[in-house]
Visitor: 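Have a look at the structure that comes next, please.
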Amino acid sequence: MLIECKNDKEKVAMGLLSYLSDFKNLANLKDEIQLNKSSAEFCLYLYRSKAPNFIGVIGTQSSKHFVIIRYISFAPDYRKVKYEARAVQELAQNNPSKVITAVPEYIYLIKYLKKDTEK
(Lines give C-alpha, C1' and ligand atoms only; values in the text may rest on other atoms or scores of the structure.)
Protein backbone atom coordinates (compact mmCIF):
# COMPACT_ATOMS: atom_id res chain seq x y z
CA MET A 1 0.00 0.00 0.00
CA LEU A 2 1.38 3.40 -1.01
CA ILE A 3 0.75 6.24 1.40
CA GLU A 4 1.75 9.83 0.82
CA CYS A 5 4.38 10.80 3.36
CA LYS A 6 3.14 13.35 5.89
CA ASN A 7 4.97 15.09 8.72
CA ASP A 8 4.21 12.33 11.22
CA LYS A 9 6.02 9.77 9.01
CA GLU A 10 8.99 11.99 8.15
CA LYS A 11 11.50 10.04 10.26
CA VAL A 12 10.43 6.77 8.67
CA ALA A 13 10.97 8.28 5.22
CA MET A 14 14.37 9.64 6.26
CA GLY A 15 15.43 6.21 7.47
CA LEU A 16 14.43 4.54 4.21
CA LEU A 17 16.01 7.29 2.11
CA SER A 18 19.28 6.95 4.00
CA TYR A 19 19.86 3.63 2.21
CA LEU A 20 20.45 5.60 -1.00
CA SER A 21 23.98 6.92 -1.51
CA ASP A 22 22.71 10.42 -2.42
CA PHE A 23 21.11 10.72 0.99
CA LYS A 24 23.86 9.35 3.24
CA ASN A 25 24.75 12.98 3.94
CA LEU A 26 22.31 14.40 6.51
CA ALA A 27 22.22 17.82 4.83
CA ASN A 28 21.15 16.25 1.51
CA LEU A 29 18.55 14.17 3.30
CA LYS A 30 17.05 17.19 5.07
CA ASP A 31 17.06 19.18 1.81
CA GLU A 32 15.14 16.38 0.08
CA ILE A 33 12.55 16.21 2.86
CA GLN A 34 12.14 20.00 2.72
CA LEU A 35 11.73 19.92 -1.08
CA ASN A 36 8.93 17.39 -0.75
CA LYS A 37 7.23 19.47 1.95
CA SER A 38 7.44 22.78 0.12
CA SER A 39 6.51 21.79 -3.43
CA ALA A 40 3.32 20.16 -4.65
CA GLU A 41 5.29 18.91 -7.65
CA PHE A 42 7.49 16.60 -5.54
CA CYS A 43 6.06 13.82 -3.40
CA LEU A 44 7.30 10.99 -1.23
CA TYR A 45 5.26 7.81 -0.91
CA LEU A 46 5.86 5.25 1.78
CA TYR A 47 5.23 1.63 0.82
CA ARG A 48 3.86 -1.03 3.13
CA SER A 49 3.31 -4.61 2.07
CA LYS A 50 1.56 -7.05 4.38
CA ALA A 51 4.01 -6.19 7.14
CA PRO A 52 2.85 -3.66 9.74
CA ASN A 53 5.85 -1.41 9.07
CA PHE A 54 6.75 0.66 6.05
CA ILE A 55 9.37 -1.13 3.98
CA GLY A 56 10.06 1.29 1.15
CA VAL A 57 9.84 4.81 -0.20
CA ILE A 58 9.33 6.22 -3.70
CA GLY A 59 10.19 9.80 -4.59
CA THR A 60 8.22 11.29 -7.47
CA GLN A 61 7.87 14.47 -9.45
CA SER A 62 4.47 15.13 -11.02
CA SER A 63 3.22 17.33 -13.80
CA LYS A 64 -0.10 17.56 -15.59
CA HIS A 65 0.52 14.46 -17.72
CA PHE A 66 3.44 12.61 -16.11
CA VAL A 67 4.68 11.11 -12.86
CA ILE A 68 8.44 10.69 -12.83
CA ILE A 69 9.99 8.19 -10.42
CA ARG A 70 13.06 9.97 -9.09
CA TYR A 71 14.19 7.18 -6.76
CA ILE A 72 13.02 4.11 -4.92
CA SER A 73 14.48 2.59 -1.77
CA PHE A 74 13.59 -0.46 0.28
CA ALA A 75 14.79 -1.77 3.61
CA PRO A 76 17.48 -4.44 3.11
CA ASP A 77 15.21 -7.44 3.81
CA TYR A 78 12.72 -6.23 1.18
CA ARG A 79 14.97 -5.49 -1.79
CA LYS A 80 13.19 -7.89 -4.06
CA VAL A 81 11.63 -7.47 -7.48
CA LYS A 82 8.14 -8.28 -6.21
CA TYR A 83 8.10 -5.31 -3.81
CA GLU A 84 9.42 -2.88 -6.42
CA ALA A 85 6.91 -4.17 -8.95
CA ARG A 86 3.96 -3.89 -6.58
CA ALA A 87 4.90 -0.37 -5.51
CA VAL A 88 5.30 0.86 -9.10
CA GLN A 89 2.07 -0.83 -10.19
CA GLU A 90 0.20 0.80 -7.32
CA LEU A 91 1.69 4.19 -8.22
CA ALA A 92 0.30 3.72 -11.74
CA GLN A 93 -3.10 2.67 -10.39
CA ASN A 94 -3.21 5.79 -8.21
CA ASN A 95 -2.44 7.98 -11.24
CA PRO A 96 -4.54 6.47 -14.05
CA SER A 97 -4.59 9.58 -16.23
CA LYS A 98 -0.81 10.11 -16.11
CA VAL A 99 2.09 8.42 -17.83
CA ILE A 100 4.54 6.86 -15.36
CA THR A 101 8.20 7.29 -16.26
CA ALA A 102 11.51 7.43 -14.40
CA VAL A 103 14.89 9.10 -14.34
CA PRO A 104 17.52 7.06 -16.25
CA GLU A 105 18.84 5.29 -13.14
CA TYR A 106 15.40 3.86 -12.41
CA ILE A 107 13.99 3.38 -15.91
CA TYR A 108 14.11 -0.40 -15.40
CA LEU A 109 11.05 0.02 -13.13
CA ILE A 110 8.84 0.82 -16.11
CA LYS A 111 8.93 -2.82 -17.23
CA TYR A 112 6.83 -3.67 -14.17
CA LEU A 113 3.95 -1.70 -15.65
CA LYS A 114 3.90 -3.81 -18.80
CA LYS A 115 3.30 -7.15 -17.10
CA ASP A 116 2.44 -8.55 -13.71
CA THR A 117 5.77 -9.47 -12.10
CA GLU A 118 5.55 -11.88 -9.15
CA LYS A 119 9.16 -13.01 -8.66
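Values below: every heavy atom of this structure, side chains too, minus hydrogens, waters and symmetry copies.
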Visitor: Which heavy atom of Ala75 sits nearest to which heavy atom of Leu16, and what is that distance?
Guide: N-CD2, 3.9 Å
Visitor: Would you compute the distance between atom SG of Cys43 and atom CG of Leu91 and round it to the nearest 0.5 angstrom?
Guide: 9.0 Å
Visitor: Near Glu105 CD, under 6.0 Å, is it more than 12 heavy atoms from other residues, nucleotides or ligands?
Guide: no
Visitor: Does a donor on one side chain and an acceptor on the other come within less than 3.5 Å for Tyr45 and Glu90?
Guide: no
Visitor: Could you tell me the separation between the CD1 atom of Ile3 and the SG atom of Cys5, rounded to the nearest 0.5 Å?
Guide: 10.0 Å
Visitor: If I compare all heavy atoms of Asn94 with all of Pro96, which pair ends up nearest, and what's the gap?
Guide: C-CD, 3.4 Å
Visitor: Between Asn95 and Ile100, does a side-chain contact (heavy atoms from CB on, under 4.5 Å) hold up when you go through it step by step?
Guide: CA-CA 8 Å; Asn95 295 280; Ile100 307 298; 4.3 Å; yes
Visitor: Apply the test ring pair (Phe, Tyr, Trp, His ring centres under 6.0 Å) to residues Tyr47 and Tyr78: give CA-CA distance (whole Å), side-chain angles for both, the deciding distance (0.1 Å), then the verdict.
Guide: CA-CA 11 Å; Tyr47 181 74; Tyr78 298 95; 9.3 Å; no
Visitor: Would you say that Leu17 contacts Leu44 through its side chain, given a criterion of any heavy-atom pair below 4.5 Å between the two side chains?
Guide: yes
Visitor: Are Leu109 and Val99 connected into the same hydrophobic cluster when the rule is that any two of I, L, V, M, F, W, Y join if their side-chain heavy atoms are below 4.5 Å apart?
Guide: no
Visitor: Can you tell me how far the NZ atom of Lys111 sits from the CD atom of Glu84, to the nearest 0.5 Å?
Guide: 8.5 Å
Visitor: Out of curiosity, does Phe66 fall in the hydrophobic cluster containing Ile110 (side-chain heavy atoms, cut-off under 4.5 Å, transitive links)?
Guide: no
Visitor: Find out if a path of hydrophobic residues (ILVMFWY) with successive side-chain heavy-atom gaps under 4.5 Å connects Leu35 to Ile69.
Guide: no
Visitor: Write down the atom of Ala87, the atom of Ile58, and the distance for their closest heavy-atom approach.
Guide: CB-CD1, 3.7 Å
Visitor: According to the interplanar angle, ranging from 0 to 90°, do the rings of Tyr108 and Tyr112 count as parallel (below 30°), tilted (30 to 60°) or perpendicular (above 60°)?
Guide: perpendicular
Visitor: If every non-hydrogen atom of Lys64 is compared with every non-hydrogen atom of Lys98, which pair is closest and at what distance?
Guide: O-CE, 3.7 Å
Visitor: Could you grab the distance from atom CG of Leu113 to atom CD of Gln89, nearest 0.5 Å is fine?
Guide: 7.0 Å
Visitor: Are any non-hydrogen side-chain atoms of Asp22 and Asn28 less than 4.5 angstrom apart?
Guide: no
Visitor: Going by heavy atoms in the side chains, are Thr101 and Ile107 under 4.5 Å from each other?
Guide: yes
Visitor: Distance from Thr60 atom OG1 to Glu4 atom CD, nearest 0.5 Å?
Guide: 8.0 Å
Visitor: Where the side chain of Lys24 meets the backbone of Ser18, is there a donor-acceptor pair that is under 3.5 Å apart?
Guide: yes
Visitor: Under a 4.5 Å side-chain heavy-atom rule over Ile, Leu, Val, Met, Phe, Trp and Tyr, are Ile33 and Phe42 clustered together?
Guide: no
Visitor: Would you say the side chain of Val103 lies within less than 4.5 Å of the side chain of Tyr71, judging by non-hydrogen atoms?
Guide: no
Visitor: Distance check, rounded to the nearest 0.5 Å: Gln93 atom CD versus Arg86 atom CZ?
Guide: 12.0 Å
Visitor: If you measure only the distance, is there a donor-acceptor pair under 3.5 Å linking the side chains of Asn36 and Glu32?
Guide: yes
Visitor: Mark yes or no for whether Arg48, through its side chain, and Met1, through its backbone, hold a donor-acceptor pair below 3.5 Å.
Guide: no
